[in-house]
Amino acid sequence: MLHSIPVSHIAGVGRAKQKCLADLGLWTVDDVLHHFPFRYDDRSVQSFETFEDGEKITARAVIEGVCAVRWQKGKAICTAAMRVDARSRVTGVWFNQAYLREKLVDGRVVVVTGKYNAKRKTVVVSHTEFSSKSPNADTKWVPVYSVVRGLTSAQMQAIVQQALIQYGSQMVDVLPNYLVEKYKLASHDQAVRMMHQPASAEDLRQAHRRLAFEEFFLFQLQLQWFRQQRGQEHSGMSRSIPPDSWQTFVQELPFELTGAQVRSCEQILRDLQARQPMNRLLQGDVGSGKTLVAFWASYAVFRSGSQSALMAPTEILAEQHYQQALNRLSGFSMRVELLTGSTPEKARLSILNDVKAGEVDLLIGTHALLTENVEFARLGLVITDEQHRFGVSQRAIFRQKGQQTDVLFLSATPIPRTLALAVYGDLDVSVLDELPKGRKDIKTYWLKQKEEDKAIRLVRRELTRGRQAYVVAPLVEESEQLQDVVSATELKQRLDDQFAGFAVGLLHGRMNGRDKDEVMRSFLSGELKVLVSTTVIEVGIDVPNATVMLIYHAERFGLAQLHQLRGRVGRGEWQSYCVLLSDARSDIAKQRLETMVETTDGFLIAQRDLELRGPGEFLGVRQSGLPEFAVGDLGQDFKIMEVARDEAAAAIAGPDFWLLPSFSKLREALQRASDRAFYKD
Ligand code: ADP
Ligand code: MG
């Protein structure tokens, strides 16, 4: 087995090189064979690495996947992924050349000329040549390896070549044949060879596709296998929830639940009654009423005789949940308590005592609840709000806290389904894709900077009607580098004058926690009428009386961020407004703002965000909690992930998975992989 043969068996690897390889984490022949180049220098055309941002470039690339066409004001915008070498992919953007759509097909070799944007990894193509030559006709791809002191990339290349000669034929293909045939995949052996010595971009593409699929398939198999095992380990814990619980809960509500809320509550009820522990993510757009669904879960668990814990990322959010829980749940003679860093010591001890005695039915706090030694008599359910702020390792802790604990995650960040598969592959997902009835759509306007006084007038009008307003700026203080960008501190001073007679508060990330909380509380209580802030405004904050969100330099914010900010208003009975002030010049910024004006649908916005930024950047903002892969790229390869997920599910559902000879090698690989976590955090 190649993973038990030390690197010293490779001819030419002596002590010194062995040590260098060890520094790279390469101990066995198998490790060396799978240490892939991190890029390839194409000696015949320039590499993207050497291009400067904004430079006009000419480069050869291979089109990948399909070309997407979007129409805007009667003009076509085509976008397609282009592979330049194994590691670099860029997005080509063609304006007004819809006729190219048929020619920009998967695998087509092109030589493009256009303007390169290094940050977005895009080329706005002005000239396209379709090469009739095969891609490798005149290219020479030179692999470049990550190395350490004492070992050059060329030496590394020689070692790999030698390893391939000695051991290449012994590489094991773990994928069952039916999958290789079904998806026309290269063999493992072929793919590895192509990664190390590609003759063409097409080689790399095939190698990448095969290896990414293999990796994702194993990952998904592992997730689903764990899940199956978890189910078996904990079988026999089904809760008995009195049948009248649902009726009782619903009767007490002052409003009608949305269809999506009812569906999610039912899914949760089924999970709670099932023999396996619940492990569910509740995804819902801002204002869709997730908290209420969470309360139902905790009420049902209460009726089954167990306790719940609800954790929020900040104290303010925890307090807000506490107030809402008192309103909704006290009527059911459920005892709800709040435990945060500001709970006085005496109260704290008595709460802890009561929790331990089983007298508290729902304990609300920040996620410090977990790390502190809070002991529960019968903890049945853990709920975490704004799940994306918690990493995967924390998810594991929740499960360990009580073996029989059901877990519910709430997230207000809509993630397109395909990505959710990768990020939350081990969870069931409920979606609240419907807003409560009678919610007025937030009116969104995009104004130029010089129309600022219109916005100010709108804010003043709302203030005189008794409403409150948020004003957001991109910076805390004035900056030398960004002289025309307004800061929150500066705005606060200006608005103090403009909104004389109304209390204006300031909130930003450089304030200490206590000051921040105080400002936030004054805004919650209605004492402050205007809150000038950077983006630190809490994600889940609920001030129904606030009806305006005014955002300065809106071009400086991402779509997801703009959507979250807008979600702070429109929570009460009044018409609400979101005003985006911006002199946006770049096309992408303009498209973001147009999207905001066009729609308030969070899932649609997330999808658009993904298209505009590309998945790499989209995911970048929440890197933590994502599994890491050697070859597969979660951003670019999510289609492969989807297929891998379905195939893994099909494989594991088959009764013969553990018996069939075609799975035997796969089983071994899986057992090896189960030690090595895909998750790094
Ligand atoms: P989210 O956390 O999903 O952003 P919340 O749970 O804070 O949303 O709910 C937003 C507001 O809507 C709260 O004030 C809540 O009481 C209210 N609400 C929840 N469900 C409904 C419903 N079905 N009908 C009317 N109002 C609702
Ligand atoms: Mg919420």
Side-chain angles (χ1 to χ4, degrees), residues 246 249-268 280-299 308 310-314 316-331 336 362 364 383-390 408-415 429-442 467-468 470 520 523-526 537-547 549 560-576 578 600-603 605-606:
W246 175 246
F249 181 77
V250 175
Q251 265 163 18
E252 287 298 313
L253 294 176
F255 42 66
E256 201 185 318
L257 291 174
T258 66
Q261 279 174 319
V262 173
R263 212 181 321 122
S264 302
C265 287
E266 281 169 0
Q267 286 166 342
I268 287 168
R280 183 171 289 277
L281 171 74
L282 178 64
Q283 251 200 13
D285 207 349
V286 280
S288 58
K290 289 183 293 294
T291 318
L292 199 80
V293 176
F295 287 166
W296 154 248
S298 100
Y299 174 67
S308 306
L310 167 56
M311 295 177 300
T314 66
I316 298 231
L317 286 177
E319 277 171 31
Q320 186 179 289
H321 284 320
Y322 176 64
Q323 286 308 329
Q324 290 176 352
L326 286 182
N327 287 341
R328 293 274 170 271
L329 300 174
S330 302
V336 183
L362 171 60
I364 299 180
I383 305 167
T384 75
D385 195 11
E386 303 310 341
Q387 193 289 321
H388 62 280
R389 296 203 195 175
F390 299 106
L408 179 65
F409 303 98
L410 314 182
S411 172
T413 313
I415 303 184
V429 180
S430 295
V431 180
L432 293 182
D433 49 5
E434 198 180 331
L435 291 184
K437 249 191 243 143
R439 211 41 89 67
K440 292 197 181 71
D441 235 7
I442 301 163
R467 305 285 81 77
Q468 288 162 278
Y470 296 95
M520 215 45 242
F523 189 69
L524 273 165
S525 71
I537 305 177
E538 295 304 341
V539 164
I541 216 80
D542 191 29
V543 182
N545 191 46
T547 54
M549 170 59 68
Q561 215 168 13
L562 290 172
H563 179 64
Q564 276 297 338
L565 288 172
R566 178 168 60 186
R568 297 310 103 219
V569 298
R571 306 187 139 245
E573 60 202 273
W574 304 281
Q575 175 63 54
S576 290
C578 173
T600 51
D601 177 339
F603 285 91
I605 287 177

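Each ligand, and each atom within it, is numbered from 1 in the order the structure gives.
Inter-residue side-chain proximity for Arg328 and Val336 is flagged as unmet; no heavy-atom pair is nearer than 4.5 Å. Contact annotation: the side chain of Leu432 approaches that of Gln261 to within less than 4.5 Å [non-hydrogen atoms, C-beta and beyond].
Within the listing of ligand 1, atoms 22 (C), 23 (N), 24 (N) sit less than 4.0 angstrom from a heavy atom of Glu256. The distance from ligand 1 to the heavy atoms of Thr291 drops below 4.0 Å at these ligand atoms: 2 (O), 5 (P), 6 (O), 7 (O). Taking every heavy atom of Arg571 and a limit of under 4.0 angstrom, the matching atoms of ligand 1 come to 4 (O), 7 (O), 10 (C). In the vicinity of Lys290, heavy-atom distances shorter than 4.0 Å reach the ligand 1 atoms 1 (P), 2 (O), 3 (O), 4 (O), 6 (O), 8 (O). In the vicinity of Asp542, heavy-atom distances shorter than 4.0 Å reach the ligand 1 atoms 13 (C), 14 (O). Residue contact check: Ser288 has heavy atoms under 4.0 Å from atoms 3 (O), 8 (O) of ligand 1. Atom numbering of ligand 1 starts at 1 in the shown order; those under 4.0 Å from a heavy atom of Asp285 are 3 (O).
At a 4.0 Å cut-off, at least one heavy atom of Gly287 sits close enough to ligand 1 to count as contact.
Surrounding CD of Gln575 are more than 12 heavy atoms belonging to other residues, nucleotides or ligands, all under 6.0 Å away.
At a cut-off of 3.5 Å, with distance as the only test, a side-chain donor of Ser430 or Gln267 sits close to an acceptor on the other residue.
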Quiz item: Where do Leu310 and Phe295 land on the side-chain contact (heavy atoms from CB on, under 4.5 Å) test, with the steps shown first?
Solution: CA-CA 9 Å; Leu310 167 56; Phe295 287 166; 4.0 Å; yes
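The shortest N or O to N or O distance between Gly289 and ligand 1 is below 3.5 Å. Geometrically, ligand 1 and Lys437 share no nitrogen or oxygen pair separated by less than 3.5 Å.
Of the possible donor and acceptor atoms, none in the side chain of Lys290 sits under 3.5 Å from a partner among the backbone N and O of Leu410.
With rounding to the nearest 0.5 angstrom, the CD1 atom of Ile442 is 6.5 Å from the OG1 atom of Thr600.
Here atom 24 (N) of ligand 1 lies nearest to Pro436 when heavy atoms of Gly572, Gly567, Pro436 are compared.
Each of Gln324, Gln323, Gln320 was scored for a side-chain hydrogen bond (donor to acceptor under 3.5 Å, both in side chains) with Asp542, with one residue passing: Gln324.
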